[in-house]
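Since the structure comes first, as structure tokens, the remarks are kept for the end.
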Protein chains: 2
Amino acid sequence: MSDTPSPAAVSMDAIVALAKRRGFIFQSSEIYGGFNGFFDYGPLGAELKKNIRDCWWDDMVRRRDDVVGLESSIIMHPKVWEASGHVAGFTDPLVDCKVSKQRYRADQLFFAAVRVEGIQVTQTTTETVVSTSDGEDRAKHSHTDFDLPPPIGYVSALESERTKEELQEKAELMKRKKAIQGKMLPLEMKDFTLATEAEYALIPSPATGEPGSLTAPRSFNMMFQTNVGAMTDASSVAYLRPETAQGMFVDFKNVVDTGRVKLPFGIAQIGKSFRNEITPRNFIFRSREFEQMEMEYFIHEDADWAKCHEEWITWCEAWLKSIGLPSSHLTRYSHPKEKLAFYSRGTVDIMFAYPFGVQELWGIAARGNYDLTQHANASGKPQEIFDEATKKKFVPHVIEPAVGVDRILLAVLCAGYAEEDVKDEKGNVEKRTVLRFSPRIAPVKVAVLPLIKNKPELVALAQKLYAKLKRRYAVFYDETGNIGKRYRRQDEIGTPWCVTIDFDTIEKPGETFTLRERDSMSQRRITEAELFQLLEEQVF
Amino acid sequence: MSDTPSPAAVSMDAIVALAKRRGFIFQSSEIYGGFNGFFDYGPLGAELKKNIRDCWWDDMVRRRDDVVGLESSIIMHPKVWEASGHVAGFTDPLVDCKVSKQRYRADQLFFAAVRVEGIQVTQTTTETVVSTSDGEDRAKHSHTDFDLPPPIGYVSALESERTKEELQEKAELMKRKKAIQGKMLPLEMKDFTLATEAEYALIPSPATGEPGSLTAPRSFNMMFQTNVGAMTDASSVAYLRPETAQGMFVDFKNVVDTGRVKLPFGIAQIGKSFRNEITPRNFIFRSREFEQMEMEYFIHEDADWAKCHEEWITWCEAWLKSIGLPSSHLTRYSHPKEKLAFYSRGTVDIMFAYPFGVQELWGIAARGNYDLTQHANASGKPQEIFDEATKKKFVPHVIEPAVGVDRILLAVLCAGYAEEDVKDEKGNVEKRTVLRFSPRIAPVKVAVLPLIKNKPELVALAQKLYAKLKRRYAVFYDETGNIGKRYRRQDEIGTPWCVTIDFDTIEKPGETFTLRERDSMSQRRITEAELFQLLEEQVF
């Protein structure tokens, strides 16, 4: 993985196209025109996703002595989400356009006041009166609002890769249309949550281009809501969980009472979560239905949380590398203290360089004992542990590493994807597309290929090996097309090894096969026992 | 598994208690008083459930050449459920009690007319006039309604294990209260869907005991409904899937176009489904959130569907046995032709003898080409395959084996559970509780036990073996308590083998351990290599 291309070299279009072409990822309900924010995983995607889950479960739960598993329900008692703060606070700010009936996330709707040097607006007329002044140098100084000329108008644009350019273009168009001379001051781009009350009426709606129709931002809860039972009223409202984490807190006492666990210990869970994102985007990165792998690591209230926090960050980074993500794509981001929730002691995100930008992959939060305390208060059931040493009860604190399966899957697709010029048997340069998946997560571990299909001895040996491998590994049998083409097909779906049963297999002693490696494309002879040994070492 | 107890010998109370006590299954949101129809799987339950899923995926997808996997989204385009017929037809009949505001499933609300021999009701008075006749023999003959005396009233009761007795008691009470002499005719129990319009007003509400407040049954859709996107109106309504199967149909063409599949082939999926059951019951057997393992096996329109159907039924039975369900608990039920949907060619259920009755475990349905045809019509996208032989296009037919993970999990708990009298080391009889899980699905495969914990050599060897096993298997290390007690703890959670590191291990040559088998409780010496060999053979 050391020679993976730099993030910029991979385009999302190429990833999306390959994902569709080879059956990794489809739009949900595609025959009905798709369903925004929902995705399906095809045959290879389902295997890849399962492998990511299984690796995490093996490393996080089965191979550790201090973490146990859990599978809590997606729909929980609505009081869970009141206690956790999600009913009141899990919101996005939304803005309505009263004319078009469109809705926007306020933090994704950007605007700027358009100002021109030396312009003054007379208060008695709606016409803009132009008067130049020697403001040439002013733009070079930092100036307060007080110093600024009044705006000649506002421009707005939705968040995109070129929001800034779009605002600039619109501002220039406005200046031209209004026939205003003078130098435009640099635009100060803000999102709608930062608009003043007076500005709401002045900012144009992205739908109509005209100001006057946008409402003030209001809170929109991102939890999907449903009704449980025969009644459809307020009494039956329930939510699809927006995170799996609350399951670990709500079941904390049950696990302590039945699980033979001792502090420090963790409860881990993999499962679907749902968020009613107003603008799902970046393929499977931000969707409305997604899968999380979360773990709550409970520690003593007097434990060194910062040390434990750091240990988990390190563990998560190492784990990402163990499934093939290169260090070059991974960075850390510490949330600034002033942006943390009052109970939070610190949050570090492991960031990944996606083609669309460096984005959060894995958040590791030190949450104090906020969640257990909230549930203790709301349920009236103490969530405490008895300390044998001090003979005191206390509410444990928690470190929470939370990651999305879909985001990891997208990361391994992006980091593993490459288009290369390679030489074929005749020395001609041809293009190969390759997915450099780690053997741990590759959907197919080995492809078994008889060199030619009309030689019964080769086919019989290939089938025999295939059957043997298949009992323990996801393997693929392919006898169609020339061997180079078959290698390419496997490269494109990330199969680490191809085994070719050729004439040497039947003619030379020792029954060896050609093992062809995906990344180096090198070939060597290998026995069946060596192949199984290789898989045993690299796959788990 | 041959000597498992007969179904009647296991009580659900014992199963539920063990499931809670050892952390297999908790009520969802228990600290908030629970949430009817939702369950959480604790540390051992999560492992057991994962093992059931993994075994199925291995056998159904990875080890077969003709089945590929899929993971489609839980929330799909609402048109999917219109086309599939679920919006119009996936309903339960509901009855309201206008006084108590309670709702009941009409097919779970039972009633009976109470009739007494020779009784005639004069039409002019509401008083019941008693007159005996020589009807002594009449009850012995079968008689039509025409022959029957008019009822003295109606009784009702909700479905339970003693619905019939309850109706009988209520009828006798009624007769006594009304001071009516004569012999009561045998009650004819019916559910509310069979009530005549005239009877609606005569049948007492189970809530109030009085007639006159029950409405006619009406259809209640069992799909959970939510809204997707910023609007909360009819345009944004979507559903939580009530089955995973539609995902396979909707993605059929995508899989065909990308998956290198040829008829006959299957698409398999494991995932959560949701049904708003009015009366969830029998623990995890009928819950509102559950997990399904479904497969759609597509065949040629001219293929011998009956043969293929039978092959899949046989496959499913064999698979259930491979994870430890005994033949003695399994039976087949063929749905009568007249009860099948018009498109269905046949459905066979594999039934399991649960403590609460023989119930459906695995349904294997021959569904013709109904589903693909529905989606082709609704989407305008043909769902056809081109037949190279006949040069004609056709819509494939399908065989659908559909099973619930939770139902299998409950079945293995019920079939595996036993309480036995065994002798301890001193020959005293004690009780042991044992879960006879198959090694394939047991949450813990091996427990590693140093004979005593204050002998460093034993502990070191035990830890070494534990670390080695843990890389590949779910294992448990336990050094607390006497060895007999530790064996019992493992018996109770279904661990097939315990390995004890004892003085023979360090004193005798060859480094052998004591292997203790759960079911026979027999012990023998085993080397590390033999242990790994045993696991390799039995676990996968």
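Below, read A as the first sequence line, B as the second, and so on, with proteins coming before strands; counting in each chain starts at 1.
At least one side-chain heavy atom of B/Glu536 sits less than 4.5 Å from a side-chain heavy atom of A/Arg471. For the pair A/Asn254 and B/Lys20, the minimum side-chain heavy-atom distance is below 4.5 Å.
Considering only heavy-atom pairs separated by less than 4.5 Å from chain A, the leading option among B/Ser287, B/Gly45, B/Ser72 is B/Ser72. Contact count versus chain B (heavy atoms, under 4.5 Å) is highest, among A/Asp54, A/Leu240, A/Leu94, A/Asp65, for A/Asp65. When B/Ile74, B/Val61, B/Asn227 are compared by the number of non-hydrogen pairs under 4.5 Å with chain A, B/Ile74 comes out ahead. Note on B/Glu289, B/Lys253, B/Arg64: by heavy-atom pairs under 4.5 Å with chain A, the leading option is B/Glu289. Highest contact tally toward chain A, considering only B/Phe274, B/Tyr473, B/Phe39, B/Phe224, is held by B/Phe224 [criterion: heavy-atom pairs under 4.5 Å]. For the set A/Arg288, A/Lys50, A/Arg22, the count of heavy-atom pairs under 4.5 angstrom toward chain B peaks at A/Lys50. Counting heavy-atom pairs closer than 4.5 Å to chain B, the top-ranked of the candidates A/Val80, A/Asp96, A/Ile270 is A/Val80. Between chain B and the options A/Phe24, A/Trp57, A/Phe220, the largest number of non-hydrogen pairs under 4.5 Å is found for A/Trp57. Highest contact tally toward chain B, considering only A/Gln225, A/Arg260, A/Gln27, is held by A/Arg260 [criterion: heavy-atom pairs under 4.5 Å]. If you tally non-hydrogen atom pairs under 4.5 Å between each of A/Ser28, A/Ala230, A/Gly42 and chain B, the highest count goes to A/Ala230. When each of B/Leu44, B/Thr232, B/Val255 is scored by its heavy-atom pairs under 4.5 Å with chain A, the top score falls to B/Val255.
Electrostatic pairing of B/Lys272 and A/Glu71 does not count as a salt bridge here, judged by no charged N lying under 4.0 Å from a carboxylate O. A/Arg62 and B/Glu47 are joined by a salt bridge, as a carboxylate oxygen and a charged side-chain nitrogen come within less than 4.0 angstrom of each other. Note on A/Arg21 versus B/Asp257: no salt bridge recorded, every NZ/NE/NH1/NH2 to OD/OE distance being 4.0 Å or above. The pair A/Asp58-B/Arg472 fails the salt-bridge criterion, with no side-chain N (NZ, NE, NH1 or NH2) lying under 4.0 Å from an Asp/Glu carboxylate O.
The closest donor-acceptor contact from the side chain of A/Glu30 to the backbone of B/Asp251 lies at 3.5 Å or more, if one exists at all.
For chain A, no part of B/Tyr104 is nearby; none of its heavy atoms comes within less than 4.5 Å. Both the backbone and the side chain of B/Lys79 come within less than 4.5 Å of a heavy atom of chain A. For a residue to count as touching a neighbouring chain, one of its non-hydrogen atoms must lie under 4.5 Å from one of that chain's; by this rule A/Ile31 touches chain B with backbone and side chain alike. Only the side chain of A/Asp478 comes within less than 4.5 Å of a heavy atom in chain B; its backbone stays farther off. If you measure heavy-atom distances from A/Met231 to chain B, the contacts under 4.5 Å come from both the backbone and the side chain. Within the 4.5 angstrom heavy-atom criterion, no atom of B/Leu469 approaches chain A. A/Ala238 touches chain B through its side chain: at least one heavy atom from C-beta onward sits under 4.5 Å away, while N, CA, C and O do not. Neither the backbone nor the side chain of A/Tyr477 comes within contact range of chain B; no heavy atoms are under 4.5 Å apart.
Scanning all heavy atoms of the two residues, the minimum distance from B/Ala46 to A/Gly69 falls at CB-C, 4.1 Å. Contact record, B/Ser29 with A/His77: OG-N, 2.9 Å, taken as the closest heavy-atom pair. Residues B/Asn276 and A/Val228 share a closest heavy-atom pair of OD1-C, 3.9 Å. Pairing each heavy atom of B/Tyr41 with each of A/Leu70, the nearest pair is O-CD1, 3.3 Å. Nearest heavy-atom pair, A/Gly23 versus B/Thr258, reported as atom, atom and distance to 0.1 Å: CA-OG1, 3.5 Å.
Between A/His375 and B/Tyr32, the ring planes lie perpendicular to each other; the angle is over 60°, past the 30° to 60° tilted range.
For A/Glu291, the salt bridge (charged side-chain N to carboxylate O under 4.0 Å, His left out) partners at least two apart in sequence or on another chain are A/Lys49, A/Arg53. Remark: B/Asp59 engages B/Arg63, B/Trp315, B/Trp319, B/Ser322, B/Arg440 in a side chain to side chain contact (heavy atoms under 4.5 Å, CB included) (not counting sequence neighbours).
In A/Lys468, the NZ atom is not crowded: 12 or fewer heavy atoms of neighbouring residues, nucleotides or ligands sit closer than 6.0 Å.
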